[in-house]
Amino acid sequence: MREIKLQAVTEAVKKAVIEVNYHLDNSLVGLIQKAKREEKGTLARSILKDILDNQAIAREGNLPLCQDTGMVVVFVEMGHATWISGDLEAAINQGVREGYAEGYLRKSVVAHPFNRVNTQDNTPAVIHYAIKPGDGFKLKIATKGAGSENMSLVRMLTPAHGIDGVRDLILDTVKQAGGKACPPIILGIGLGGNLEKSALLAKEALLRELDDVNPDPDLAELEARWLEDVNKLDVGPMGVGGTTTCLAVKINTYPMHIASLPVGINIQCHSARHTEVTL
Amino acid sequence: MIRLKTPVSVETVRTLKAGEKVLLSGTVYTARDQAHIRLQNETHLPFDLEGAAIYYVGPTPERPGFVIGSSGPTSAYRMDGLAVPLIRRGVRIMIGKGDRSPAFIEALKTLDAVYLMATGGAGALLAACIKSKKVVLYEDLGTEAVHALEVEDFPCYVAYDVHGGNLFKD
């Protein structure tokens with residue numbers, strides 16, 4: 001059995017939330033640069049330039065990429081042969097608390113749906129746990145803004161809807177979101193499971209590496225095809241029109257009931273802030 | 001490229017066309033969801049709404065020595081219903097991101113006001129154009145309080161003008 005120290009968890013979370021809010025992933029920057037070269041519209045290009053200039057300023061370390069520094073989402077993958085002495089949830093939230101204070105990040109979490117009182121330290125995080133074989137311990141950490149999260153959804157389609165039904169739902173969702181989701185977006189699509197599983201699949205799809213290849217060749221092909229379809233919508237950067245609506249589509253699936261085709265669509269804005277830490 | 005200084009007149013607002021880039025200078029007031037809800041019931045305000053610009057923003061905390069933290073626009077549609085009464089009281093410019101409701105767009109036409117879009121997610125870039133910040137109302141709301149910002153060449157794009165022009169593809 002390998003002990004995972006709670007202090008190490010707190011430190012990892014703290015470091016991660018600061019890091020992702022100041023440094024946009026290099027492969028994402030590369031995709032935006034490529035989009036700017038290929039985009040035809042003057043206005044669309046001007047907005048992509050703003051986004052690129054912005055990340056260069058944020059990288060210097062004084063100003064976060066975006067004022068919405070997000071609510072923290074953590075996926076914990078804990079090996080069966082590891083152990084923790086104490087409260088893992090509290091250790092994660094302590095990392096959030098310290099990171100948001102030391103990193104000068106905005107505290108965007110309120111405690112209650114109606115009284116809207118701010119918790120003042122951006123806690124609690126939304127935490128998901130999985131127990132895996134072995135003695136590994138991994139944290140997947142994202143800080144997710146509300147602009148794109150508010151435009152996301154779960155829809156319970158039926159088997160007869162098929163591939164075209166899912167595609168139509170995706171296109172309609174992206175169109176409805178328009179500039180509000182801060183395009184160019186990344187799409188996390190969860191297909192299967194049930195209501196909550198499809199949402200989780202969609203969120204986990206967003207945490208994949210941008211340049212990874214789906215191990216299922218049919219899904220890999222679908223990701224490429226739907227990316228092309230979404231980019232024909234003419235939503236464009238911040239909704240002003242253009243060919244750069246979406247930078248990547250990631251699909252994760254799970255078996256489902258014979259009567260169901262659950263679809264989770266999680267939209268990620270261009271400021272995709274997430275990382276992985278192994279302890 | 002058009003340079004504008006607040007407060008703005010009705011005549012100036014009418015000259016703006018959707019798609020134009022604007023560099024805005026002068027005082028801009030911040031207000032988001034909670035401030036808008038409270039402003040509905042205020043009869044006396046410590047600042048003048050005539051010709052005023054309202055920016056939908058909740059900045060990150062500033063580091064020592066900095067005027068403000070990251071300060072990009074929030075999604076404007078959440079303020080659609082709450083903004084129209086403020087336009088009736090003289091607000092001429094609103095700044096945010098994303099498209100808005102048909103009723104809001106109609107109100108811009110009949111009441112002579114414009115909606116400008118700033119680049120969403122460009123909070124670090126936009127913060128550089130903000131020269132000072134002070135709280136004028138609802139300090140308890142923290143980042144959501146009403147602040148008076150002095151801005152200089154703050155870059156935005158005319159999204160909806162008073163003539164029905166629309167920057168967005170919808």
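Numbered from 1 within each chain, the chains take letters A, B, ... in sequence-line order.
In A:K34, the NZ atom is not crowded: 12 or fewer heavy atoms of neighbouring residues, nucleotides or ligands sit closer than 6.0 Å. Shown here is B:E139, whose CD atom has no more than 12 heavy atoms of other residues, nucleotides or ligands within 6.0 Å. Counted within 6.0 Å of NZ on B:K133, heavy atoms from surrounding residues, nucleotides or ligands total more than 12; the atom is thus considered enclosed.
The candidate from A:L233, A:N118, A:L105, A:I51 with the greatest count of non-hydrogen atom pairs under 4.5 Å with chain B is A:L105. The choice from A:G179, A:G239, A:S46 that makes the most heavy-atom pairs within less than 4.5 Å of chain B is A:G239.
In terms of heavy-atom proximity, B:S75 sits nearest to A:G147 at OG-CA, 4.2 Å. In terms of heavy-atom proximity, A:K107 sits nearest to B:P61 at NZ-CG, 3.8 Å. Minimum heavy-atom separation, B:S70 to A:C66: OG-C, 3.4 Å. The shortest heavy-atom contact between B:A122 and A:D50 is CB-O, 4.4 Å.
At a heavy-atom cut-off of under 4.5 Å, chain B is reached by A:Y22 from residues 12-27 of chain A, listed in order of number.
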Verdict with supporting geometry, B:I37 and A:R116, side chain to side chain contact (heavy atoms under 4.5 Å, CB included): CA-CA 13 Å; B:I37 291 167; A:R116 314 295 300 179; over 6 Å; no

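Proximity of A:V240 to B:Y157: side-chain heavy atoms (C-beta onward) are nowhere separated by under 4.5 Å.
Heavy-atom distances place the backbone of B:E62, and not its side chain, under 4.5 Å from chain A. Looking at B:A127, only its side chain comes within 4.5 Å of chain A, counting heavy atoms on both sides. In this structure, no portion of A:D68 lies under 4.5 Å from any heavy atom of chain B. Contacts between B:S71 and chain A at a heavy-atom distance below 4.5 Å involve the backbone alone (N, CA, C, O). Heavy-atom distances place the side chain of A:T69, and not its backbone, under 4.5 Å from chain B.
Judged purely by atom type and a 3.5 angstrom limit, A:D53 has no side-chain atom pairing as donor or acceptor with the backbone of B:L125. Of the possible donor and acceptor atoms, one in the side chain of B:K97 sits under 3.5 Å from a partner among the backbone N and O of A:K180. With A:R106 contributing its side chain and B:G58 its backbone, the two residues share a donor-acceptor pair below 3.5 Å.
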